[in-house]
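Residue numbers start from 1 in every chain, and the chains themselves are labelled A, B, ... in the order their sequence lines are given, proteins ahead of strands. Note that this is a predicted model, so its numbers are computed, not measured. Excluded from the calculations below are hydrogen atoms, water molecules and symmetry mates; all remaining heavy atoms, backbone and side chain alike, are included.
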Amino acid sequence: MTTAYEPNKVMATGKYDVIGTRPIRHDGADKVTGRAKYGADIQLNGLLQGKILRSPHAHAIIKSIDTSKAEKLPGVFAVVTGKDLPKSKAGDTADFGLGPQPMKYLRDNAIASDKVLYEGHAVAAVAAINAHVAEEAIALIDVKYEVLPPVLTAPEGIKSTGNAILHSDLRTMEGGAPKSGKTNVASRFQHKMGDIKKGFKEADVVIEREFNTATVHQGYIEPQNVTAVWNNDGRLHIWISTQGPFEYRKALSLALGLPISDVKVTPMEIGGGFGGKFPLYHEAAAALLSKKANRPVKIVMSRREVFEGTGPTPGSYIKVKLGAKKNGKIIAAQGYLAYEAGAYPGSPVDAAGMCIFTAYDIPNVVIDGADVVVNKPKTAAYRAPGATNAAFATETVLDEIADKLKIDPIDIRLMNAAKEGTRRADGPVFPKVGCIEVLEAMKNHPHYKTPLKGKNVGRGIAVGFWFNAGLQSSATVSVNADGTINLVEGNPDIGGSRASLAMQAAEVLTIRAEDVHPSITDTDNIGFTFGTGGSRTTFATGWAVYEAANDVKRQLIERAAKIWGVKAKDIELSKGYFKSKTDSELKMSFKDLSGQLNETGGPVLGRGTVNPPGVGGAFAGNIVDVEVDPETGKTQVKRFTVVQDAGKAVHPSYVEGQMQGGSVQGVGWGLTEEYFYNQKGQMANSSLLDYRLMTSYDLPMIDTVIVEVPNPGHPYGVRGVGEVNIVPPPAALANAIYDAVGVRMDRLPMNPAAVMEATWEQKRGKSGAKAKATKKK
Amino acid sequence: MAQVFIPSLMQKVTKGESQVEVPGKTVREVINNLEERYPGIKDRLVDGFRIKGNINVAVDGEVTTLGLLAEVEENSEVHFLPAIGGGALSLR
């Protein structure tokens, strides 16, 4: 079906009064006037400035640290090293969802004790009267190192022996048990379904390719910052830019050996995170400095420190083999993924393994994966962790199969698309998902139907999957006498969650979104709430808000029943009015009843706590047009459309913002971004001049299509919207580059040098960059 | 009885069986019954009174945070999946 072109289309399903509208965000005025308080804005009496001494080496043994000169420098109040952290005993572990890991790993990543494992690894910290004195003191600390050979890629790490082993105690976990022998491979997994040999044997077309992707950073504009006060009563209070206040509370309590209730975390406004503002970095050092100096201590990272001292998303090596019948039906898929964990175990290779073929219904599948430690910063989450690398591999091989079989690239995906009842290779069966709906919206979009014009232009498409998350959340709602409500929750607002949560409360109570006053509080003042990540906030905290608002609704109906002398079951709330179902004379506005709380029993406070099932996985797809300069290899994006299943878009503007933001980051990942290392493992481009993020000058307006396939597991059908949009862009770009100049890209980023190299390799007939079989235009 | 899907790299404990039928009304009972049939598998799945931190349990396609306490129906599917890492979110 052809539809007229409509930019930023919302294919809405469910109809609501508030949900699906576009009210002004509640924090808008503070943000645009500069009144919103970020971590770097914190000012406290007696505040000291902290600085971190970082390792210049990627891999080295610390032989000695002499801090005496720094301690004597006037204006210096405290110096700390790894020795100031509690000593980690053998067997002490910390579990952040990947199984028990040695406590030493958590503490050593905060401040190294015996070895440095990446350039930028914290070695010591200073608190001084100002940042200049602190920097001078840092320069006076004398560290003696024994430099070791660095390991910089997963394939290198797999082969490492001798002094290239990062951790002497690391053993490969495989099938729930450790294997013997020192290694840099932290874990391996395998998913298997059907008969892979039979599948490939029966396939008419089999294509196998290898891919390498570079380490990239989330690129949030606000650097990490922390202010710590270790009070005389023994309690630690930190103000911080974070996605996860409760995650920081746990990490600090473990790293510092404090009871969890002795740590209070106040999240400030956040200037981007994208997954990167969960892990512990300089916060433990700030706390120790505060304790030693008996003063508040603030540390704000420089951009270089952000690049070299915080967690990027991993580089990877991936091999994908697909087998299809002549009609395009994929009957066999095999994948091997080796992801860089960084200095300590925990890359997102497990998630990648569960996403790599998940968009498709394939009967015979084998997926192997390895988590490999290397001499780079410990990796952190980045929108749909691991899935973008994996989709780059699968979606380009699938494109090659479609090209070989002369099948439209959307049609081949539709033919194989996952749907309700499809069994994933990792085992579970899909509930209702929107892969087909996303692909159909792409196929029907005017962008896909518009012919390309000009030389060296091409069009590519790709799709991607991400799970999204649920997990625990809490919220409270209190009623004000003027008919407004206060909503208190614990998720830092990265992308409009104040609005999306307030709107769910407003929908339940049939009031305006503007009559809800949302606030985000600290870890002492709200029940446990997992962080803003995993695309979970509008889903899970939204559900807690829904419960809290329904609690208020129930109590207010009881108050109205008391006033009217009728039964509560005979009263309903509709369009801002409490009404008797049996007597049309009995009607009172939400505002009027809110003004009668004192005489009907006192304040009304609703609460909601959830640990919800019913998480809805999501699909997104891209159509992208590029022009490639055959002389320089530069790729220019000419047109970009992103289609995504939101389940239900609570506030479509912020869903569109997430879709556009994730797409921009995906394009940067695809075309320009990379950690460029020298042979010593030192990053050569740790500034935003040399680490090339996409800007508005590089891109056209990104068109969005919101598809709504309601998630049956949420009261309003919400899925998550923050992550899956970053999954397809590199693959769609690679397919577009191929369409433009006939070169198959097998590496990220696909910057001018990479495109030219692939072109030359193709001319020389090397594998890796494959010539186009038949020119389509 | 519940259909239990054994992770590929644990199938050496189940003598190559990838899918087994096991009675039990909770994940705890299912694992205990699995252990009776395939000694050693519990050590790979359970740490004390909890599912190991690097494993997620999914019952009927739904990853549950209830771990050993999660309820299992007569014909439920039980999967043991890798916990999603990458520094994102801890389930505990």
Criterion side-chain contact (heavy atoms from CB on, under 4.5 Å) on Val615(A) and Val63(B), from CA distance to verdict: CA-CA 9 Å; Val615(A) 179; Val63(B) 171; over 6 Å; no

Most chain A-contacting option - heavy-atom pairs closer than 4.5 Å, from Gly61(B), Ala58(B), Ser8(B): Ser8(B)

Pairs of heavy atoms under 4.5 Å with chain A: top-ranked of Gln19(B), Arg44(B), Lys12(B), Gln11(B): Arg44(B)

Minimum heavy-atom distance between His191(A) and Pro82(B), given as atom pair plus value: CE1-CD, 3.8 Å

Could you tell me the separation between the [atom1] atom of [X] and the [atom2] atom of [Y], rounded to the nearest 0.5 Å?
| X | Y | atom1 | atom2 | result |
| --- | --- | --- | --- | --- |
| Asp350(A) | Leu81(B) | CG | CG | 10.5 Å |
| Arg188(A) | Leu9(B) | CZ | CG | 9.5 Å |
| Asn56(B) | Phe467(A) | CG | CZ | 9.5 Å |

Whether over 12 other heavy atoms sit under 6.0 Å from Glu21(B) CD: yes

Where at least one partner belongs to residues 3-42 of chain B, residue pairs that pass ring-ring contact (aromatic ring centres under 6.0 Å, His included), sequence neighbours excluded: Phe5(B)-His79(B)

Heavy-atom contact with chain A under 4.5 Å, split by part of Asp60(B): neither

For Ser474(A), all residues meeting side-chain hydrogen bond (donor to acceptor under 3.5 Å, both in side chains), sequence neighbours excluded: none

